[in-house]
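All ligand and atom numbering here is 1-based and tracks the order in the structure. We're numbering straight along the sequence, starting at 1.
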Amino acid sequence: MIQIIEAPQSQVHRRDMAFHARTIIEPFKVRCVEPLPMTSREHREAKLREARHNLFALRAEDVTIDLMTDSGTGAMSQAQWSALMSGDESYAGSRSFFEFESVVRELTGKRHVIPTHQGRAAERILFGAIGRPGLVVPANAHFDTTRANVTASGCEALDLVIAEGNDPRSLHPFKGDVDLARLDALLCERGASVPLVLVTVTNNTGGGQPVSMGNLRAVRELCTRHAVPLFLDCARFAENAYFIKTREPGFSDRSVESIAQEMFRLAHGALMSAKKDGLVNIGGFLALDDDAWARSCRSALILTEGFPTYGGLAGRDLAALAVGLREVLDERYLDYRVASVRYLHDHLARLGVPLLSPPGGHAVYLDGRAFLPHVAPRDLPGQALSIALYREAGIRAVEIGTVMFGRTGEDGRQIPSPMDLVRLALPRRVYTQSHVDYVIEAVGYVFERRAALGGYRIVDEPPTLRHFDCGFEPIADERGMRPGGK
Ligand SMILES: *Cc1c(COP(=O)(O)O)cnc(C)c1O
């Protein structure tokens, strides 16, 4: 097993090494191992039929490399497992809560720290407290659960990302930036109806693309001018801070921690899904300064999550999260994390595979529509590609395209979404370089034989969030992709 990641560019820690290595090694070694399920193509074909070709319906034990999401799928460190053992399970005033609170306060600078069981609970509680019909919540881009919770509170969710953020080929270094002119226009026109401005760091919906400090500072200025609070949806705050350090002029000498602290201090509050940069399998929080909002949020928390010193989590979860929020700021970890994603991206790009570029912090996105140009968007090229990756190599990706965001028209045909992407998300600290090499080889194999792939149709679907549960069938018989097959 090779555990090296090639370093294509100079890295943050190069200067404190006497030996100038070109490889970035995983900054950890493995002590607890989980066997990888290995399956045959016939087995996977049978499982695909059982799952009605919906990869969400597969059992994890039938998946070899699971790149469906980076959410809650990371590996905890020995320090986190130790913290778990010393978690305090007191109902009220748990020691683990205070450890967690002090870490979040130091990071965000916010007085009120409210734990939730995951990100969407923080969203529901915040927007439940401040949202109502007639209001509008602008963001660079709302994540899907965020949009759903904003909308459920009666507000309108508006995405104002810069134009480059919607162009899969643009090499802009901060494709998550907010379009300042459009935000200013909105605040001038409807400022009184904007309860807060939300900035998602990194922009998950747009491919894990970062937001620059310059943009955050400018958004804050607009918010101050219009007296509207600024909140961060900060699931990947550390990856975003790392991109600021490595891509934005003037930040290379700052620590990622101080950059993250500045990001949070520009905002009045933050919502977090800790299942990402919290390095835990479950958890989230809300952090804010406003006393009245905090009071309403705590009341809502007690109703559905739990008492404010545990908020839907066990004491041990809070203890592990307190450790994870510190570990994620380790710059050696972030070097390795971002290099792993870039390694996958660059090797696929070298094979000519159409991709969203540059790579973001947590995933590589294949452009399904360009990958399968002979499959019309209404015939679900992203789904066809995801199915092929599973059938040929046991890799589970996720379609982010017409299945997720399109809909079935009156005539029964699909109304496509703007793009058909296939996301390969890397869980944190889970897979090594040889796993990534396997993925590169598999995508290359499918790419060479792409002409043999056909489209899919949806045969049954639920009324909302259909991608989780709908069934598919191939439009024509798959011609197969066995080695040497036609
Ligand atoms: C994952 C995520 C959420 C939702 O968090 P959950 O923990 O899955 O409920 C919200 N916003 C962003 C940006 C996310 O990535």
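Remark: S77 engages E327 in a side-chain hydrogen bond (donor to acceptor under 3.5 Å, both in side chains) (not counting sequence neighbours). For D167, the side-chain contact (heavy atoms from CB on, under 4.5 Å) partners are R169, S170, not counting sequence neighbours. Not counting sequence neighbours, the partners of A442 by the side-chain contact (heavy atoms from CB on, under 4.5 Å) test are A393, I395.
Sorted by chain and number, the heavy-atom contacts of ligand 1 below 4.0 Å come from Q118, G119, R120, E123, F143, T145, T146, T200, N204, D233, A235, R236, S273, K275, K276.
For the pair K110 (side chain) and V104 (backbone), a donor-acceptor distance under 3.5 Å is absent.
Checked for salt-bridge contact, R124 and E305 miss the test: no charged N lies under 4.0 Å from a carboxylate O.
When the options L271, L288, T309, I125 are evaluated for a side-chain contact (heavy atoms from CB on, under 4.5 Å) with I114, the one that passes is L288.
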